[in-house]
Amino acid sequence: MKQTRVHQVLQTESIGKKVKLAGWVRTRRDSKGGFSFIELNDGSCMKSVQILAEAALSNYESEVLKLGIGSSIEVIGDVVESPGKGQTTEVKAESVKVLGYADPQTYPLQKKGTSMEFLRSIAHLRPRTNTFGAVARVRNEICRSIHNFFQSRGFLYINTPIITASDCEGAGQMFNVTTFDLKDVPRISGEGGAKGDIDFEQDFFGRATHLTVSGQLEAEIYATALTNVYTFGPTFRAENSNTSRHLAEFWMVEPEMAFCDLEGDMQCAEDFLKTIFNDVMTNCGSDMEFFNERIDKTVLETLKHIVDSDFVRISYTEAVDILLKCGEKFEFPVSWGIDLQSEHERYLTEKKFKKPVIVYDYPKDIKAFYMRLNDDGKTVRAMDVLVPKVGEIIGGSQREERLDVLIERMKACDLDPEEYWWYLDLRKFGTVPHAGFGLGLERTVQFVTGMGNIRDVIPFPRAPKTADF
RNA sequence: UCCCGAGUAGCGCAGCGGUAGCGCAGGUGACUGUUAAUCACUUGGUCGUAAGUUCGAAUCUUACCUCGGGAGCCA
């Protein structure tokens, strides 16, 4: 007999059908009338289905009455209209087969409120809770939406490498990748200035290698051949960041578009976010209702508002003007040329406009070397999409496609152009204007669900001092 | 990494110098087409770790560890 999932059984169309279900017990309620109610969940949806187990079952006394929360069972029975309140259908069990008990004395999850911190310490069991089941389903929907968005627009999905040899991809501290015995690392012998340095020529790749901090530079290679591409994979930052918005291992989506300027980049980012939010609301209705009710009472309203309205677009210079004139007291004073602080971004997106804000044309000194220099010589074609609570959810730019300008910028940033010979080749041979951005998957899940800590929107978070499971 | 705050029963918390408490969960019993069921009784704790002050420390001091909030870095 083919297995049915709980979400199907909850539909009234299932009434009258005989089904086989399997899942985990959420709770059992006994009636002295000679039967028990079992709430069964299999992760297919938020809700559990109520199983009616009568005393007539051969294993009622011996097994059914011992079923506690967390036990796994297989049920065969008829879907019937429920006479009770709270559900429209239920399953009248013909048989209840116990697959595995969960000892209520030691099973950590019980019918009660539990903190996110505690659940994080039992990451192997937390997907069995309503909250983490819903997070998993919404995260999955977001991933599907990301692929759908780009695939339907003709973007090619490019798998860029996890292990990289380019030393300065731009952002942040990198994790080292090596097969050296750390107790006995080979050193360069002989005479000369390099004597005593680590001899990476003896390492696995014959040179120093790291975990990637971005697939952008590689994506640019494919965009300048195939026009529109995107990467979507894990990214690593060895920063000692201890916040609710940072992970050492996180997933990032990075589209890269040839023949595209910053305007097109911003438009793509806006359409992209709206599509994701819309898909989640359409396809994860009950999960989103749960988040709206139990996690953050404003998420649904906020998402609807965003989908229905245009993002605010202001230049960095305008943003600084607004911040200077707003009368708000900031811990960090505002002046043209500074990087916007969290409190400044929050003011813009949470107080002033109350929706996503795209800030563009930042001072060149606070942005990466590859961003296209404006004619004013002071600013670059960079853009950040800021959203309430989470802050920067997307960072992007139009790339510098002029070889001479790019080389100058690299030198100004103390980078050796020879190290980037292949990156420069893209400008030397058939260069084109192009642009792209990076979207943090976890920050998107955070924003959509209202979950307060980024460690609770990825199954197994990696952060400083945290690599369990 | 910096600034605050917190670590007490399986979980959520109170106690803040004088022999460790409450709620929930667990166990037992009662009751019921129940639904976070309800009611009664009940098991359960080297008070984060290490040192110190004191006649006496969960309570005061110091260091360390972990967690949370904020900041920096950023996605």
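Just so it is clear: chains get the letters A, B, ... in the order the sequence lines come, proteins before strands, and each one is counted from 1. Reckoned from all heavy atoms, side chains included, excluding hydrogens, waters and symmetry mates.
Between Arg346(A) and Asp339(A), the residue anchored nearer the 5' end of RNA chain B, judged by the nucleotide with its closest heavy atom, is Arg346(A). Both Lys465(A) and Met252(A) sit near RNA chain B, but only Lys465(A) has its closest nucleotide nearer the 5' end.
The Ser115(A) side chain lies nearest to C11(B) when the options are G26(B), C11(B), U34(B). Closest to the side chain of Thr114(A), out of G33(B), C11(B), A75(B), is C11(B). Considering only the side chain of Thr243(A), C73(B) comes nearest among C73(B), U34(B), G27(B). When distances run from any side-chain atom of Phe250(A) to the nucleotides C73(B), U1(B), A75(B), the shortest one goes to A75(B). Set against G72(B), G33(B), G70(B), the side chain of Gln50(A) has G33(B) as its closest nucleotide. Side-chain atoms of Glu90(A) lie closest to G33(B) of the nucleotides C73(B), U34(B), G33(B). Closest to the side chain of Arg455(A), out of C67(B), G10(B), C73(B), is C67(B).
Separation of the C1' atoms belonging to C39(B) and C31(B) is 8 Å when rounded to the nearest angstrom. U34(B) and G21(B) have their P atoms separated by 39 Å, given to the nearest Å. A25(B) and C13(B) are spaced 14 Å apart, taking the C1' atom of each and rounding to whole Å. A distance of about 34 Å separates the P atoms of G15(B) and U28(B), rounded to the whole Å. A distance of about 15 Å separates the P atoms of G45(B) and U8(B), rounded to the whole Å. As rounded to the nearest Å, U19(B) and A58(B) have P atoms that lie 11 Å from one another. The separation of U54(B) from U59(B), taken at their P atoms, amounts to 16 Å, rounded to a whole angstrom. When the P atom is compared between G5(B) and A75(B), the two are found 32 Å apart, to the nearest whole Å.
Atom CD in Glu392(A) sits about 11 Å away from atom C1' in C73(B), given to the nearest Å. Here G72(B) presents its P atom at 8 Å from CD of Glu345(A), a figure rounded to the nearest Å. Rounded to a whole Å, the NE2 atom of His246(A) is 4 Å from the C1' atom of C74(B). Taking atom CG of residue Asn453(A) and atom C1' of nucleotide C67(B), one finds them 10 Å apart after rounding to whole Å. With rounding to whole Å, Gln446(A) atom CD is found 18 Å from C74(B) atom P. Atoms CD (Glu39(A)) and P (G33(B)) sit 17 Å apart, rounded to a whole Å. If you take CZ of Phe447(A) and P of A75(B), they are 18 Å apart, rounded to a whole angstrom. If you measure from atom NE2 of His344(A) to atom C1' of G70(B), you get 15 Å, rounded to the nearest angstrom.
Heavy atoms of Ile393(A) sit under 4.0 angstrom from primed sugar atoms or phosphate atoms, though from no base atom. Residue-level contact check: Gly84(A) touches the bases, meaning some heavy atom is under 4.0 Å from a base atom. Heavy atoms of Pro83(A) sit under 4.0 angstrom from at least one base atom.
With a cut-off of 3.5 Å on both Watson-Crick or G-U wobble distances, the partner of G21(B) is given as C13(B). With both pairing distances under 3.5 Å, G52(B) is matched to C60(B) as a Watson-Crick or G-U wobble pair. The base-pairing partner of G45(B), taking Watson-Crick or G-U wobble contacts with both distances under 3.5 Å, does not exist among the strands shown. With a 3.5 Å ceiling on both atom-pair distances, the Watson-Crick or G-U wobble partner of U1(B) is A71(B). Across the strands present, G7(B) finds its partner in C65(B); the criterion is a Watson-Crick or G-U wobble pair with both atom distances under 3.5 angstrom.
Between Phe330(A) and His344(A), the ring-plane angle classifies as perpendicular under the 30° and 60° cut-offs. Aromatic ring pairs are classed by plane angle as parallel below 30°, tilted from 30° to 60° and perpendicular above 60°; the pair Phe236(A) and Phe175(A) is perpendicular. The aromatic rings of Trp251(A) and Phe232(A) sit perpendicular to each other, their planes meeting at more than 60°, with 30° as the lower class boundary. Between Phe150(A) and Phe155(A), the two ring planes are tilted [angle within 30° to 60°].
An OP1 or OP2 oxygen of G72(B) is reached within less than 4.0 angstrom by a side-chain nitrogen or oxygen of Ser342(A). Considering only side-chain N and O atoms, Thr235(A) lies nowhere under 4.0 angstrom from the phosphate OP1 or OP2 of A75(B). Contact between the side-chain N/O atoms of Arg237(A) and the OP1/OP2 oxygens of C74(B) is not found at any separation under 4.0 Å. Taking side-chain N and O atoms only, Thr466(A) has a distance below 4.0 Å to OP1 or OP2 of C67(B). The side chain of Ser31(A) contributes no N or O atom lying less than 4.0 Å from OP1 or OP2 of U34(B). A sub-4.0 Å separation between OP1 or OP2 of G72(B) and a side-chain N or O of Gln341(A) is present.
Comment: Arg381(A) does not engage Asp261(A) in a salt bridge, judged by the lack of any side-chain N to carboxylate O separation of less than 4.0 angstrom. Using a 4.0 Å cut-off between a side-chain N of Lys or Arg and a carboxylate O of Asp or Glu, Glu328(A) and Lys351(A) qualify as a salt bridge.
Under the side-chain hydrogen bond (donor to acceptor under 3.5 Å, both in side chains) criterion, no residue pair touches residues 65-81 of chain A, with sequence neighbours excluded.
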Name each donor-acceptor pair under 3.5 Å that joins a side chain in residues 451-463 of chain A to protein atoms two or more places apart or in another chain, with its distance.
unit_1    : atom_1 : unit_2    : atom_2 : d
Asn453(A) : OD1    : Arg455(A) : N      : 2.9
Asp456(A) : OD1    : Arg120(A) : NE     : 2.9
Asp456(A) : OD1    : Arg120(A) : NH2    : 3.4
Asp456(A) : OD1    : Arg126(A) : NH1    : 3.2
Asp456(A) : OD2    : Arg120(A) : NH2    : 2.8
Arg462(A) : NH1    : Asp468(A) : O      : 3.0
Arg462(A) : NH2    : Phe469(A) : O      : 3.0

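In the interface, the side chain of Glu117(A) is not paired with the base of U66(B) through any donor and acceptor atom under 3.5 Å apart.
A stacking contact between Phe35(A) and G33(B) is absent: the pair does not combine a ring-centre distance of less than 5.5 Å to the base's six-membered ring with planes differing by less than 30°.
When only modelled atom types and interatomic distance are considered, Gln151(A) and Tyr230(A) share a side-chain donor-acceptor pair under 3.5 Å.
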